[in-house]
Amino acid sequence: MSVNTSPRALLTSCFVLLTLLSCALCAPLSAVMRRDVWVPPITSPTSDSTWTVGGSFLVTWDTSSKPDQVTNPNGEIYLRLGDETQSSPIASGFALTDGQIEVTIPTGTTPDQYRVVLFGDSGNWSDQFPIDAAT
């Protein structure tokens, strides 16, 4: 079998090779660019809120900036004290697009200044607010 080594054949081969290489490199980039990161702002609790151990309260967040596609639409709510987020969620399995979920503060929670953390597509923290002892 003879190989065509004319300048035109070599240029055509190089062009085809570069075109295929460029398509291969752009495909993963396109998939990454389609990913979204949605961080809906928590609207409640605020720094003016006061919760009580054992009580049930409404956590709310703004869903008006939701992208067309949400990578992880399932949410979880955690309490955060200082630099540590608790290991167990106080709510889970709800849709981030709901914009709210009722949570109950576990009876073993130590009264202090907490934040609510909303996980799903990304993590977002509320303002710091007090959780007081049950009365």
>> Quick check: is Leu79 connected to Val59 through a chain of hydrophobic side chains (ILVMFWY, heavy atoms under 4.5 Å apart)?
In response: yes

>> Using the side-chain contact (heavy atoms from CB on, under 4.5 Å) criterion, which residues pair with Phe57? Sequence neighbours excluded.
In response: Trp51, Thr52, Ile105

> Judged by modelled atom types alone, do Thr43 and Thr60 share a side-chain donor-acceptor pair under 3.5 Å?
Replying inline: yes

>> Rounded to the nearest 0.5 Å, what separates atom CD1 in Ile42 from atom CG in Asp62?
In response: 11.5 Å

N/O donor-acceptor pairs under 3.5 Å from side chains in residues 124-135, not counting sequence neighbours:
| from | atom 1 | to | atom 2 | distance (Å) |
| --- | --- | --- | --- | --- |
| Asn124 | ND2 | Pro40 | O | 2.5 |
| Ser126 | OG | Val116 | N | 2.8 |

> Hey, are Asp112 and Thr110 close enough side-chain-wise for a donor-acceptor pair under 3.5 Å?
Replying inline: no

> Got Ile101 and Leu118 here, is their nearest side-chain heavy-atom distance under 4.5 Å?
Replying inline: no

>> On a heavy-atom basis, which atom in Val53 and which in Pro106 lie closest, and how many Å separate them?
In response: CG1-O, 3.4 Å

> Rounded to the nearest 0.5 Å, how far does CD of Gln86 lie from CD1 of Ile77?
Replying inline: 12.5 Å

> According to a 4.5 Å side-chain heavy-atom criterion applied to Ile, Leu, Val, Met, Phe, Trp and Tyr, with indirect links allowed, do Tyr114 and Val103 form part of one hydrophobic cluster?
Replying inline: yes

> Who pairs with Pro73 by side-chain contact (heavy atoms from CB on, under 4.5 Å), at least two apart in sequence or on another chain?
Replying inline: Val70

>> Please give me the minimum heavy-atom distance between Gln100 and Leu58, naming the atom from each residue.
In response: OE1-CD2, 3.6 Å

>> Ignoring hydrogens, what is the shortest heavy-atom contact between Gly123 and Val39? Give both atom names and the distance.
In response: O-CG1, 3.8 Å

> If you round to the nearest 0.5 Å, how far is OG1 of Thr63 from CG of Asp98?
Replying inline: 9.0 Å

>> So, using ring-ring contact (aromatic ring centres under 6.0 Å, His included) as the criterion, who are the partners of Trp61 when residues are at least two apart?
In response: Phe94

> side-chain contact (heavy atoms from CB on, under 4.5 Å) with Thr104: which residues, sequence neighbours excluded?
Replying inline: Ser56

> With sequence neighbours excluded, what pairs up with Glu76 under the side-chain contact (heavy atoms from CB on, under 4.5 Å) test?
Replying inline: Tyr78, Pro89, Ser92, Phe119

